[in-house]
Structure formats: structure tokens, C-alpha cells
**Student:** 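One structure follows; several queries about it will come next.
Chain identifiers are assigned alphabetically (A, B, ...) following the order of the sequence lines, protein sequences preceding nucleic acid strands; residue numbering begins at 1 within each chain.
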Amino acid sequence: MDILDGLNDAQREAVTVTQGPLLILAGPGSGKTRVIVYRVAYLIKVCGLSPRRILAVTFTNKAAREMKERLNQLLPGSAQELTVGTFHAFCARVLRTQGQHIGLDHNFVIYDDEDQLNLVKRSLLDLNLDPKHYPPRPILSAISAAKSQLQSPEDFAQGVSTYHQEVVRRVYTRYQELLRESKGVDFDDLLMQTVLLFQSQPSVLESYQSRYLHILVDEFQDTNIVQYLLAKQLAAKHQNLCVVGDPDQSIYSWRQADLRNILNFEKDYPQVRVVYLEQNYRSTQNILQLAQHVIASNQQRKPKNLWTLNPSGTPITMVQAYNEDEEAQFVISEVERLMKDGFQPKDCAVMYRVNAQSRSLEEAFLRYGMPYKLVGGIRFYERREVKDIIAYLRLIHNPYDNLSLARVINVPGRGIGTRTVEQLFAWARQKGLPVYTALQLLAQAEEGREEELNIAQAPSLAPRSHRALMGFLNLANELMTQGDTLDVLSLMDLILEKTGYREYLLEAGNEGEERWDNILELRSVAREHAHLPPQEGRASFLESVALVSDQDELDVTANAVTLITLHAAKGLEFPVVFIVGMEEGLLPHFRSLDDVAQLEEERRLCYVGMTRAKKELYLVRALRRSLIGSSGPTLTSRFIKDLPSNLVRYRREGEERKVAVPSRPAPRPTTTFSAGDRVRHSRFGEGVVVNCTPARGDQEIVVAFKGPAGIKKLLLSFAPLEKVP
DNA sequence: CTGGCAGCGATTTTT
DNA sequence: TCGCTGCCAG
């Protein structure tokens, strides 16, 4: 078989032009992923390249996984040796093996967003600055922006002209000190330090340059300056840098993504070959035309000429609901109607600007018993209980990690209050020691060796506080000793046992069970690293939890409607898409209203959402909406004003709809199942329940059927299951 | 030191 | 509406 079969001319060019820099401008639904996978396959199969000589950078871990899978289907076994991953994951690997050149500890921890914010708060505290006056979040953004442009605190100081910038400079300086003391690396450092490493160690850079003959960067429109510099460094030797992107789908400028990268690319590589992928394979003509109409209003863009051979399809449906409840109701009744046309719940997605909008939707879906899966929201690794346990593991792995120590020193509560913690930290800082070491010193002071150790100025603590601190120290010591021999799963169990974490959660109240379930989930992640030696297993576990955001894949087997933010929907497609909240202030979001560039990004966001739809697109707005407590009238989004009348039809929610809404009271699961139960399904026959997990007012059940159905994941509220005695 | 409560303020998107 | 902070009582 020929790899090039089934590609159109432009796609073929994108696959076969292998020498030199290549810029692929790919419209939505133009087969972009396919092109990337085929290009890699072509390099291997036709050009005879070893997969180890190829580096492919994706935007998400999920995209990386999908790419590997698709490549493996095309060329079985070839994906193993390929380097595929996000910039962050790639950099983490580089720094882990080469970081010592720039003074990085081998066991450095990776700090995520929340950790970063805590560091900023601590920095403010250390500098005697009031967080009320200087809100941490914007300061962190400023620091992050500086790092994304490779600015050290000293570089940043050059450009300081206002008092506020001076505050940022001071915080940034202290922030970096704290990072270094904790032997930690934040998200931005992963990228920045790698570039600095390559700059200062040409031989290290050279080894990577030589290895990677070809470099591919996906979602190039969402890269920031540092990421681009990195790609440039790596490709400097062979110049085989292929970047793929679509400026119209750039929606991450707030994360320092910089559209100039695309312009700079053409400037930095004058001999660049540019390929346009303009044929759309995804959407109906109506949908594509409407999306084009909407995006055409942006001034800062290169016009594209997208086209499709797909049928024109049905018109886009414009709906006005009274309020957000009716909006949700409309979506549900429409899904029900579509099901009569042969669509399934899993074919449908509801997209919105802000996560807060998911609430009214969720409530309605629960009330009407329509199955749904919520993407985003509070992510697994951001849950308090999960982060607590991870913090314990981090501390054991890296005793310098003051941030993690601060997090767990009184969790579960052991009588160490903020006052005591502050004293301890101040003392450690004064002595120039990591807090953990300071604690050990304190313990020795207790043994009456003060003179000898010259630590007379130890903080004067109440005996009770002192005892509490020693209790924590003993716990930490024991965990660290055991950590030398226990695999990461056993160590986690020891932590849970020694801290009485389960009891702590269950005492906390009604959500305790759910929280404990999350811990169990975390255990199963740890289990994947349990076969490794203690140190190594811990390291790989910690790294995977730091860099993987969405541990649970969007479950494709569940037949449920997807609720998702417009940002998170990028890269996905659905037969039916509802975009809700098409109102001024929501889309475009009110924070973007006073800035042309930001407004254009909002429009792109809208465009991204529209182009996810294959067959049916609904644009829904509410006449009244309560967002933060108060409710008020709304205005139609400027993005959907004056749409071509041949493409849309207007429908008012409330007339015949109401009747169609099934007022069946939530078929709330009456029976519950547990692993081991024997069950019967009306279609799949008899089987045994393998696993049950609670899922948002529902239960997800994994059943192993005796028949040919095999193993299935089912939603309790939806599946016709009954217990067999 | 902890836990409860009142008042306040601020609301985006996330690798 | 919610989540955080600060204050107060035990």
C-alpha cells in the first residue's frame, strides 16, 4: 500500500516535502492530524529514517497519545522509539538528565499553577507586602510572562518603569530564590531553563541537535516565545523544522502564546515552504460558511479560502431562551428530538465560555435524566486531598521542598498553627536552612546540645507547639527512612496509614467518601509505578502527576452528551454542537471588551466552537441570565448579529418545545451495584460487575458480559441493567 | 490552636 | 454564589 493514497494535493505536499523548514497552515477539519501522522510515517517508511531521529511536539499529552496510536496503526511498532510529547514533558526529560550543568538537583520537583500561586503569596509575605494591595494572581501572570520571554529577574529589572512593576520585580526575585531553595522548578522554568541550558552548554545542545533530524510542532499558533526559541535551537543544525497551525484558532494568548511566532517563522527561515490545507472534511457547507462569515470580521488575519465537498446540510439554528434554565431545557429537548433522527447523546456537545455555565446545564441534565459527561471543572490533580498526598511524597523525595512541607505540616491537623509555622519558617530562613533541616536541628536542641550546636536563638515555642512539631518530624523521618526501601504505592499506603488520612477525610463530612475515592484513584496511578525501584518509581510518579492534566480520558464509550468549555473543545469534533450563552459579556467575555486584540481572540474562540460541528450547529442565548448572584437582561453577542439569512433559521424557545420536554422526574438510580454483582442487560445478556465508580450523581459500571459483548462501561441511569440473584 | 461565622470581594480560558 | 479572610469564643 502506498502511504500517499487518499491524500489531496496539498496534504501530499505537506507530507512529502521533507527537506528544510515547512509551514503548514491548516484550516479546521482539514486533516491536519492525519497529515502529521502520515508525514512521520513517510519519513520512516519512505525516507528510511529511524523513528528515534524524529521529535514531534504536541499541545497536550492526549494529542501525543493519539498520535502514537495512529502511527502504530499505520506502521506497527514504529511509535515506540519516536519522541512525542508536549514541550513541557520534553523539557522535563532534558532537565532531569542534563540539569546538573546549570545547578539543578536531580530530584527537582515540578510546581504547578497552584504551587506557583502559593510561592507568590509567600514571596509577598517575606517582603512585607500586603496581598490585598498586590493581588497574587496578576503578579504571577507578570512573572510567567517574563519567563515566557526568557527574562530573568535581572533582565526584568531593566524594563521597570512603574511602581507596580517594581513590586513585580521584587516578588519575582524572591520567588526565584524560594524556588531554588526548594530545589523546585515551575512550569515556566521547565521551558526557560532548558533554553538557558542549551545556550550555555553547546555540547549538550549539539547532542540533541544531532539526534533529531526532523522536528514537528503541532498547534504552532499556541506556542509562546520560549517554545519557539527551543524549537529553533533544536532545529538549528538540520533546519528540518515543520510547524503546523492555524492563526484563526489561536486562543491562548493569555498563556503567553504569541502569534508573532508564525510571522517570525517566515522571517527566520526565508526559504520556508508554505502549504495551505483548505479543504474541509468535517462540516456541512452551511456550518463552514457561517464560521467563515464570523471570523472574517477580524482585522488581524490572513484571509483563507476554506471549502468543502460536503453537502450543505441543515441551516444553523438560532435560539433565544428566557433564562439559563430554559436554555438548558432547550438543549435537552433538542437532543431528545435528534435521537429520533438517529443521533445519539454521545454525538452531541454543549460548549460554553466559562466553567460556571456548566452548573445550570448539569442541574437540568440530572433533572431530566439525560446522561452527560463534564469535561474540565476541578481537575483531578488539583483536588485538595490528592495534592496533600502528593505533597507528602514530594517532601519525602526532596526534603528541601519547603512548599510541600508547609502544605502538610498540619494536615491532618496535629496542633501546629500558623503562628508556629511562621516562627519555624522565619528561623529556618534566618539560619539559611531548609525547613526540614531546621526541624531536625530543633530536635537536637531538645536533647540539650544547644551550646555545642550554637543554636541558642532557636524560636521560643510553647512546649505544646514544640511537641507537635517533633511529632511531625518523627513522622517525616520515619516516612523518609521507609521511603528508601518501599515502592511508591507501599509508601503512599504508609503515608495514609501513619497520618490517619482516611479517618481525617471521613470525619470531615459528607464529601469524605468521594474524597477517599479520589485517593484510591491516586493509588491506582501509583500502582503503575510500583514495579520500579523506590527512588525511580517515586520520581516517575511525581513527574507524571505534575505534567498530566486530564488523567481520565474523555470517556468515548459512555453514551452521554459532552459538556465542555470552548477552549477545551479545540481539536475535537462532534456531529451536533450547541454553543450556549451567545451574549455580550459572556462571548465575548466582558474582560475582553476594552481591547481589540482580546476581542479578536474571543471571536476566534467562537470560530473554534462553530467549526467543531459536523452536521448540526445551534447558537443559543438567554434573554436573562444570572451569573454572579444577580440576574439581568442580556444583549445578543455581536458575533451572531447580521448573519447571512440563507444560513440560519430562528427559533424561539418555549412554544412547541415545552410539550416535547419529558417531565419524567429524574430516573435517579434506584438500585446500586457493586463489584461482583451478577447482572442482566437487555441487549448484552448476563455478566458480572467488575468495577463501579460514582460519576456526578450517577454511577459508572464496568461489566464483563458472558456473551460476545465482552467488557462494557455503562452509566447506571441509562443502562437497562437488573440484578440477577 | 481550632472551628464557626460574618462580611467582603471577585468573578476566564489551562499546558 | 461562592470562597476566602479575619475575628471571636471555647
Side-chain angles (χ1 to χ4, degrees), chain A residues 57-64 85-92 110-114 116-117 121 130-132 135-138 140-141 144 148 186-191 218-219 222-224 226-227 250-257 324 351-360 375-379 381-382 384 409-423 461-465 467-469 507-509 546-550 564-571 581 585-593 595 598 601-602 604-606 608-609 625-631:
Chain A
V57 185
T58 57
F59 191 64
T60 63
N61 296 297
K62 192 173 136 211
T86 61
F87 273 112
H88 290 92
F90 175 78
C91 289
I110 298 171
Y111 287 148
D112 68 15
D113 188 67
E114 189 196 339
Q116 288 181 275
L117 205 58
K121 286 179 188 164
D130 183 5
K132 279 260 169 61
R137 174 58 68 182
L140 177 58
S141 298
S144 181
S148 301
D186 72 12
F187 244 57
D188 301 303
D189 272 348
L190 283 176
L191 308 171
D218 193 11
E219 306 285 10
D222 289 322
T223 54
N224 64 31
V226 178
Q227 289 171 327
S250 163
I251 54 175
Y252 284 100
S253 70
W254 48 275
R255 237 178 56 193
Q256 324 304 334
E324 65 267 23
M351 301 181 185
Y352 38 82
R353 179 64 176 84
V354 301
N355 271 317
Q357 287 173 266
S358 70
R359 232 194 67 189
S360 48
V375 180
I378 328 106
R379 289 180 302 176
Y381 289 112
E382 283 167 10
R384 210 177 59 215
I409 193 167
N410 197 35
V411 176
R414 46 177 76 91
I416 305 174
T418 41
R419 183 94 194 93
T420 309
V421 173
E422 280 315 306
Q423 275 182 286
L461 294 163
R464 195 159 49 129
S465 306
R467 232 175 302 127
L469 281 178
E507 279 166 21
L547 294 173
V548 173
S549 62
D550 45 359
I564 192 169
T565 64
L566 287 161
H567 279 91
K570 193 183 74 165
L586 253 188
L587 187 64
H589 194 271
F590 67 91
R591 301 265 292 213
S592 309
L593 294 179
D595 182 296
Q598 281 187 293
E601 179 149 318
E602 295 286 310
R604 291 195 292 270
L605 196 52
C606 182
V608 166
R625 182 178 299 275
S626 43
L627 255 191
I628 27 171
S630 61
S631 105

**Student:** Starting from P on dT12(B), measure out to CZ on Phe590(A) and report it in whole angstrom.
**Tutor:**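 Atom-to-atom, Phe590(A) to dT12(B), this comes out as 7 Å.
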
**Student:** Could you give the distance from CZ (Arg137(A)) to CD (Gln116(A)), rounded to the nearest 0.5 Å?
**Tutor:**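 Result: 8.5 Å between the selected atoms.
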
**Student:** With the criterion set at under 5.5 Å between ring centres and under 30 degrees between planes, would dT13(B) be stacked on Trp254(A)?
**Tutor:**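 Given the distance and angle limits, yes, they stack.
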
**Student:** Could you tell me whether Arg353(A) contacts a base, only the sugar-phosphate backbone, or nothing, with contacts defined as non-hydrogen atoms closer than 4.0 Å?
**Tutor:**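 Base contact.
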
**Student:** Please list, chain by chain and in numerical order, all residues satisfying salt bridge (charged side-chain N to carboxylate O under 4.0 Å, His left out) with Glu114(A), sequence neighbours excluded.
**Tutor:**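 Once residues adjacent in sequence are excluded, the partners of Glu114(A) under the salt bridge (charged side-chain N to carboxylate O under 4.0 Å, His left out) criterion are Lys387(A), Arg407(A).
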
**Student:** Distances for protein N/O vs nucleotides 6-10 of chain C N/O pairs under 3.5 angstrom?
**Tutor:**
none

**Student:** Whole angstrom is fine here: how far is it from CG in Leu587(A) over to P in dT12(B)?
**Tutor:**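 Atom CG in Leu587(A) sits about 15 Å away from atom P in dT12(B).
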
**Student:** Expressed in angstrom and rounded to an integer, what is the separation of Arg137(A) atom CZ from dT12(B) atom P?
**Tutor:**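 One finds 10 Å between P of dT12(B) and CZ of Arg137(A), rounded.
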
**Student:** Taking only residues two or more places apart in sequence, or in another chain, which ones meet His567(A) in a ring pair (Phe, Tyr, Trp, His ring centres under 6.0 Å)?
**Tutor:**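 His567(A) satisfies ring pair (Phe, Tyr, Trp, His ring centres under 6.0 Å) with Tyr252(A), Trp254(A) once adjacent residues are dropped.
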
**Student:** Taking side-chain contact (heavy atoms from CB on, under 4.5 Å) as the test, write out the residues that go with Thr420(A), two or more places apart.
**Tutor:**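 Residues passing side-chain contact (heavy atoms from CB on, under 4.5 Å) with Thr420(A): Ile416(A), Leu461(A), Ser465(A), Leu469(A).
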
**Student:** Taking atom P of dT14(B) as reference, at what distance in whole Å does atom CG of Leu547(A) sit?
**Tutor:**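 In whole Å, dT14(B) P lies 18 Å from Leu547(A) CG.
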
**Student:** Check nucleotides 2-4 of chain B against the protein and report each pair of N or O atoms closer than 3.5 Å, with its distance, or say if there are none.
**Tutor:**
residue : atom : partner   : partner atom : Å
dT2(B)  : OP1  : Asn410(A) : ND2          : 3.2
dT2(B)  : OP1  : Gly415(A) : N            : 3.4

**Student:** Under the side-chain hydrogen bond (donor to acceptor under 3.5 Å, both in side chains) rule, collect the residues that match up with Tyr111(A), sequence neighbours excluded.
**Tutor:**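 With sequence neighbours excluded, Tyr111(A) shows a side-chain hydrogen bond (donor to acceptor under 3.5 Å, both in side chains) to Asp401(A), given in chain and number order.
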
**Student:** Going by salt bridge (charged side-chain N to carboxylate O under 4.0 Å, His left out), name the residues that satisfy it together with Glu324(A), two or more places apart in sequence or in a different chain.
**Tutor:**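 Residues passing salt bridge (charged side-chain N to carboxylate O under 4.0 Å, His left out) with Glu324(A): none at all.
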
**Student:** Between C1' on dT14(B) and CG on Leu605(A), what's the gap in Å once rounded to a whole number?
**Tutor:**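 It is 13 Å, rounded to the nearest whole Å.
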
**Student:** Take the protein atom CZ of Arg359(A) and the nucleotide atom C1' of dT11(B), then report the distance between them rounded to whole Å.
**Tutor:**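 After rounding, the gap between these two atoms is 14 Å.
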
**Student:** Asp222(A) has an atom CG; how far is it from atom P of dT13(B), in whole Å?
**Tutor:**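 Taking atom P of dT13(B) as the reference, CG of Asp222(A) is at 16 Å.
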
**Student:** With sequence neighbours excluded, tell me which residues meet salt bridge (charged side-chain N to carboxylate O under 4.0 Å, His left out) with Asp595(A).
**Tutor:**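 Asp595(A): no salt bridge (charged side-chain N to carboxylate O under 4.0 Å, His left out) contacts found.
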
**Student:** Remember a base hit wins even if backbone is also touched, and classify Phe187(A) as base, sugar-phosphate or nothing at under 4.0 Å, heavy atoms.
**Tutor:**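 The answer is base, as Phe187(A) lies within the cut-off (heavy atoms under 4.0 Å) of a base atom.
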
**Student:** Name all residues meeting the salt bridge (charged side-chain N to carboxylate O under 4.0 Å, His left out) criterion together with Arg359(A); count only those two or more places apart in sequence or in a different chain, and write none if there are none.
**Tutor:**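 Glu363(A).
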
**Student:** So Asn355(A), base contact, sugar-phosphate only, or nothing? Heavy-atom distance under 4.0 Å.
**Tutor:**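 It contacts sugar-phosphate atoms only.
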
